[in-house]
Amino acid sequence: MAAIYSGIHLKLKSPRTPWPDKLKLARFAWISPQCFLPNKEQVLFDWTSHALTGYYSKKVEFPQEVLEGLWTYLDDILRSKKLQSALSHGKTLSLRLPMAQVINDRILEAASGTSSASISTVLSCCQGILSSSLLSVTYTTRYELLVELLGRLCSLACSRLQLIGEHLRPQEFEVFLLVLSSYLVVQRQQANPNRVFAQVTSHLLQPLLLLRHLLGARVWAAADDARVRQHLSRDIRGKVDAVLQSALFLPEHLPSYREGLLPERDASAPKRSTASKGLPSPVSSILKRLCDPALCDRSLHFAVRSHSVPVLFKCALDAFCKAGDNKMVCFRLLTRLVTALDFTEELAVTSTFDSANWSLALLALENLLNFNLTGDIYNVAADRIQHGEAQFNFYRKVAQLLFYNPQSAVPAWYRCLKTLLALNHLIVEPDLDELVSSAWVDADCAEMRVKKAREALITAVLQTYTKLRQLPRLFQEVLSIVCRPAADDLRLPLLTAGLQRSLAQSFLDSPPSQSVEICSLILERAQTYLLPDLEGKEDMALKLFSLSALLHSVLFGVKTLDNSTPVPVVRQMQGLMGKMLELVKLLLPLLGGKESGTLWFESVHKVALLLSYSWVEVDMLFRMHCSRYAEQSGGDAAAEGSCLLPGVAQDEWDQVFSVPPGPASQLLQQLLTLQRMKKVLLGTHISPEANILDVLCRDASFIVRAGKASFSHLSDELWDQQVTSVDATTYSAAHWFVLTSNLGLIAPYLAEEDMSHVAEILLDSLLRQDPPESAEQQGAYLSVSLISKNLLDSAILVELFPLYSVIVRCLCQRILGILSSTAQGFQCPALLKFDEELRAAAGEEKEPSAMETSGETEEVSPVWKRLESIAQEVLCSSEGTKLTLSGTQIESLMRLLKIARALNPDAMSSEDHIVCSLLLFFIGTNSMPHNDTDPSEALRLLKEVYSLMTSLQSGKNIGSVLKVVHGSRLLEAAMSSLFTQSHRHLSVDPDAWLLFVKAFQDFIQCLIQVVIQRRKSVRLNLEKITSFAVGSSACPDTQGPPGSEELVSLQLRLACLSVLCQAMVSSLGQSKTLDETLIQLLAKVTEAMGPAVQLYLRGRTCGPHSQAFSVDVVRVMVQAELASASSPTPEGGERKDLPHMGLYRSFTQQVLRELCSAPRPMDFLLSSLHFLSTYYAAAEMISEPHLGDLYVSAVQNLRTLLSAPWLSQSEVQQLEAPVREVLAQLVVRSSLEQFHLLLEAVREGLGVALVWSGRHKDVLSTLLLIKMLATCPLPETCSKAFWFMAPQIISAIVFVVKECGKEKPLTATLAVPALEALTSVLRQGEGLLTNPHHVTLAFGALQFIPLELPSVEEYHSAFQAIHETLFAIIQCHPQVMLKAAPSFLNCFYRLVVSVMHEGRQKGEGDSAESEVLLSCSRLVERMYTHIAAAAESFTVLSSFMVAQYVSELQKVTLHPEIKRHLTEGIYKILDLCVEQDVKFLSTTLPLGVREVFNELYSSYTHYHKTQKQGEEKYSA
């Protein structure tokens, strides 16, 4: 052994041994268990370190391959399990200082791009060293060495981030984060904070700030590692902030900061002793390093500075202002940090400032101001009294900086002004004109982000001056700016949609007199400054339009006058309306004799129409709601002809309407025409000799036809719902909105041509694909398509029967157009008949509907004859040549059918309903896809057709199509067409095929039920349908399995037969005669189904979907034969057998085998469970032998299914209802012995050992069985047995919950279902669980359910489960509350604390999470109500409950909605408190909690108690 030792040692040290051999020998020595070296780990580690240090100190030379090998060998040692094992057993290992320095130097080389070794391996070695507590001592005990390592790693990370096109790998950042975390621990352990400050500012501040900026500003590529982008980047920035705060802004540094920032305060303070050593001007040191040109590349320098200044200020705030102290220090620091943005101390721009940096500078300034605002640094009173308005003067300088250098294209500029306004409105008050001009009237950037920031600022200005009651002063400035000389044609609209809403809200919050004053200011400005110089001047016309638009918005935003409005305000508004009317009268003559088409004329024309419309609309509104609103001079009686303005000549008014209008003027003309229609209908505006109907029809036609030209090319432009913003691109949307929103007024007076135009536009727009809306546009912007969708879904369209009929006919005409465009369509008689009927219906007056003439008159109407003729042609066409549809035609039909699905069948006339039904039936039976068309698309079309026909057979027109054709003929034609075309669907997806089969079955079932409900030729129709279905389903006499084509056809026939059975079974019991007919027909159908099912089962594929289909078919057969067997025979006896019982028996065994053998789709499981329930009922009825074996097998399979590992929790929940149905069928007549077997299975399934062994699914299945058994109707003997065992079940469930509480992942999967089962037992055990102790066991389980869960869904399920258990106890077992009230409240208090903790205000949260928490708060309120109802049990504890609530409320700030529900609940508990309880709480609660209680009790007495006393006063 000594020889081995000495040989290896000598060879490793020998200069004659080649380095490659030394490396091989070292590797062997490390991995070989036969090589024994004393302290082998340290020896080999030192040898490797010595070799590497010798190489880099030029003492040793070897090839590059050896160098790489040595680094790899060192990394292998550090990461080997052998080393970890040795260290864990107490062996020591140390890293020599030179080796640590070598690592630092290699990282520096890598950062500069001159590394000779693989940096990946070096970083891996560094990571291994820092991850070991023993090896990392070399760094952690040498602070400067660790600072050096951190700084060089930071430089390396920065160099990686700055490489263009380089994809980031996680290694550099993982190692850096590890070193940064280690450094943060070491930094906090340093005893000398001045040393830390010096080291960080000298060596770390610049690289850390650069790295933080690069991480935040990087545009991440898809190839970048997700860990870097999502986690490491965030963690590194958080650690960097912690390093900077704990190094630069320690509490020990505060005197130094105070001395440097507040010299005037410290001049009067006593000098510090020479023994206390502080930092010399720390702020200057930080700013010097921050502004050092060597910080980074010149192109990045300002970006890094602007990004870093808010970070440093936030760190200072968190360190110095936590308790609200040192606010002046932080403010002075802010004033110094601002200078790092290339501003002077007087906040002027330096000569070296680059104008391209404004965006970055303003973003940094915004963050600084926001931190200042949220940190509550500025107190107006304290600043004025104690500091001579130092802060105010600084913010004024900031405001002047912003106004002297307006950056209207930068969103941060607006946000800075908004923050200054929030600090103190007086800061921007002296420059209000500049604010209004730069940020509102003259702002020229329409980019969305800028627009949003601008609207937020102006909204804040409006809100501020509304609170100050100074809105008129603000609008004086606005009017002054608008009337200043400017390029008005370049100005943006004064009010956007968002500002219009803000302005309206401001007027609602202001006194009415201020609104009148603002309107008067606008009119005065228009008449005084603009009107005298208006003639021929375009700029004056544009300014006048801006003021008119503003006046329109103000008038439409103010509160309307009513009978409660003060008389002075009414008189002011009268005078205002008079001035407005005079202005219109002055404008109208200016338009006479002027050339139209010029900008001046169009602007003045718009102004005249806008003011006229505003006056007419507002005047009518005031007259309707305010009886004191006197008539204007001249009154309505003075209005001539079609003119709506009193005192205006008819020729002047006609001239305004006769001019070819622009888009906005045209829309205003339509709005004025609408006002005239309203006045005519109200009888307030019509000359005696005029025909009212002619006037209304003419006006309605004018409104509809005014937009015809614009719809020739529909625009995708969105309209913001502002009348003043309408242009050529948005006119179509604005016109369509006006038309559709007033359709109830216009439609009764439209001619057929105009209604057809409306219908065509509706269909055209619905077929368009609108571009997606942005988040800012949703809700506020409208397009033609969006308006049409809303119209189609509205209730108003349904009430307009003539228009609705035109829409239906236009839709049918378009479908006909597609069908006629096929090769066979032009000569198809049925299509020609359809076309004739639609043209005839459009060209004649509507007759009484076919519904009304179907049996009341002897003479059949022409409409009726035409419909019968169409029906015959459709049926004849189904037997002839099919129409061949291309893929494009199918897609067009699908889009039209999507519109048809949105139509309301009840709104259709009987004729339209029949035409629609026959046209759809024609598509379903007379069309086929082209050879090159995808068969799945054709199948999708057929599915949609049959689904639509099914949905049409509802409401008032149900069965209307059967008035022109027999139901049996329809079904025969549909089934015949489908049978002959079935071979075309062999290649389609099985899922799509089965969905179509289901849609076709729904159609057949619906039609059969309609035939039976109509009670006309029921027997004849059903016999024909049955004969055809049975005859077409005859099976070939073959013993082998059918082919694929034959199998598809067989599946269709079985689908038809089964749904025929289902429809007839569901109709049994209506009348004895009908029952006899149905029983006979059921026997024929089931007789035909038997051989067909057997053939299908022989040939069906192993696909699970076909299995579900076959199970459903056999189940329907069982139901049919069971219904037949339940009815008496003609001789009066009872049938006791089922003809196909042998088939059912074997099929049941097959279902039981396949139910749990492997993962199955949900539809198969559901079908199988429904079949088992039906079959067991049939077996019981005929006293099937071996029923006990079937019982045991069914119970075992149900348990196995519920515990299947391949079922998810949601899938198990879907299976609960059908499993309960099967279980109820099993136990309703089970014997006591059979039921004991089930109880034994329950007892075994609740063992805690199953939870310990991880068999959670077995426990879950048992819990579900308990939950179902508790709600199943049991025989008396079985019920006694179950409730005798209930205490054991409750105890077992409690143990299960306790075990689950130890592992949070089991909460949702096992603990919550256990509580649900427990709740079910408690709820059903009312009056049966007589021992209160058995009920109180549940409280033990509730304490173990954790409520700190990872997802909101799990939290909600756990919360609701606990609540429901408590609710079951208080509702069903009130006797328990007499002694167990404290235990109950302890469990309930957990819910209260939880919902208060989760429901605290968190800023912008997830809407789904908010809804869940709101639901939980409602549950808490509900429980408080029930506790208050059980007053006798909780009166003594009511003060305790209130104390708990206010103690928790004092800790959090709740979301308002959640707080509202909790407050309403605790009010019910305060109702239980007597005066002595209130005094007790007021004296014993701690000070802060007492304040919360006093506030709560005050609101209780003010809002709740008085209301409750009032209710008691008037209650019996």
Side-chain angles (χ1 to χ4, degrees), residues 71-72 74-75 78-79 100 102-115 117-132 135-136 139-140 145-187 200 203-247 295-297 300 303-304 307-308 311 315:
W71 279 111
T72 304
L74 179 62
D75 185 43
L78 291 170
R79 295 188 175 277
V102 165
I103 292 175
N104 288 10
D105 294 341
R106 301 296 73 73
I107 293 174
L108 178 62
E109 289 177 359
S112 59
T114 60
S115 177
S118 171
I119 188 59
S120 177
T121 311
V122 175
L123 289 176
S124 182
C125 293
C126 181
Q127 188 176 23
I129 291 169
L130 268 295
S131 300
S132 171
L135 295 173
S136 62
Y139 280 106
T140 56
L145 185 66
L146 186 57
V147 169
E148 182 183 75
L149 174 63
L150 182 61
R152 293 178 178 182
L153 279 171
C154 190
S155 300
L156 175 63
C158 291
S159 65
R160 291 288 186 266
L161 287 167
Q162 288 177 289
L163 290 176
I164 300 175
E166 181 79 12
H167 302 316
L168 298 183
R169 298 185 302 272
Q171 187 187 30
E172 290 95 338
F173 299 93
E174 287 175 347
V175 176
F176 176 75
L177 182 60
L178 175 64
V179 175
L180 187 61
S181 302
S182 301
Y183 169 78
L184 186 57
V185 174
V186 172
Q187 177 181 283
V200 171
H203 304 292
L204 294 181
L205 181 61
Q206 291 182 338
L208 288 177
L209 290 177
L210 175 61
L211 176 64
R212 198 185 191 286
H213 166 74
L214 293 174
L215 285 172
R218 180 178 177 84
V219 179
W220 298 97
D224 290 335
D225 192 279
R227 285 175 292 171
V228 180
R229 182 172 68 250
Q230 296 173 1
H231 303 296
L232 292 174
S233 172
R234 181 191 61 215
D235 294 343
I236 287 172
R237 284 180 299 186
K239 294 284 186 182
V240 166
D241 292 349
V243 167
L244 295 178
Q245 181 177 330
S246 61
L295 171 63
C296 59
D297 184 73
L300 281 175
V304 176
H307 178 267
S308 303
V311 174
C315 292

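Quick note: numbers below take in every heavy atom, side chains included, and nothing from hydrogens, waters or symmetry partners.
- Note that the CZ atom of R152 and the CD1 atom of I103 stand 12.0 Å from one another [nearest 0.5 Å].
- Of the possible donor and acceptor atoms, one in the side chain of R79 sits under 3.5 Å from a partner among the backbone N and O of S124.
- L211 has its side chain within reach of F176: a pair of non-hydrogen atoms, C-beta onward, lies under 4.5 Å apart.
- Taking 4.5 Å as the limit, every side-chain heavy atom of T121 sits out of range of all side-chain heavy atoms of L74.
- Here the CG-CG distance, from L150 to L145, works out to 11.5 Å after rounding to the nearest 0.5 Å.
- Closest of all the heavy-atom pairs between C125 and L78 is O-CD1, 3.4 Å.
- Each of N104, V175, L108 was compared with L153 under the side-chain contact (heavy atoms from CB on, under 4.5 Å) criterion, and only V175 meets it.
- The CG atom of L244 sits 8.5 Å away from atom CZ of R212, with the distance rounded to the nearest 0.5 Å.
- Across P207 and C158, no two heavy atoms sit closer than the pair O-SG, 3.9 Å.
- For the pair D241 and C315, the tightest heavy-atom approach, listed with the atom from each and the gap, is O-SG, 3.8 Å.
- Looking at V240 and V311, their side chains never come closer than 4.5 Å, going by heavy atoms from C-beta outward.
- Among the candidates S155, C154, S308, C296, the single residue satisfying the side-chain contact (heavy atoms from CB on, under 4.5 Å) test with L210 is C296.
- With sequence neighbours excluded, the residues forming a side-chain contact (heavy atoms from CB on, under 4.5 Å) with S131 are Q127, L178, listed by chain and number.
- Across every non-hydrogen atom of L180 and I236, the tightest pair is CD2-O, 3.9 Å.
- Separating the CD1 atom in I107 from the CG atom in L149 is a distance of 5.0 Å, to the nearest 0.5 Å.
- Considering every non-hydrogen atom in both S120 and Q171, the closest pair reads O-NE2, 2.8 Å.
- The closest donor-acceptor contact from the side chain of R106 to the backbone of V102 lies under 3.5 Å.
- Residues satisfying the side-chain hydrogen bond (donor to acceptor under 3.5 Å, both in side chains) criterion with Y183, sequence neighbours excluded, are Y143, Q187.
- The side-chain hydrogen bond (donor to acceptor under 3.5 Å, both in side chains) check on R160 picks up E172, with sequence neighbours excluded.
- In this structure, CG on D75 lies 11.0 Å from SG on C126, to the nearest 0.5 angstrom.
- For S132 (side chain) and I129 (main-chain N/O), no donor-acceptor pair under 3.5 Å exists by modelled atom type.
- The two residues A157 and F173 have their closest heavy-atom pair at CB-CE2, 3.9 Å.
- For the atom pair L123 CG and I119 CD1, the distance stands at 4.0 Å (nearest 0.5 Å).
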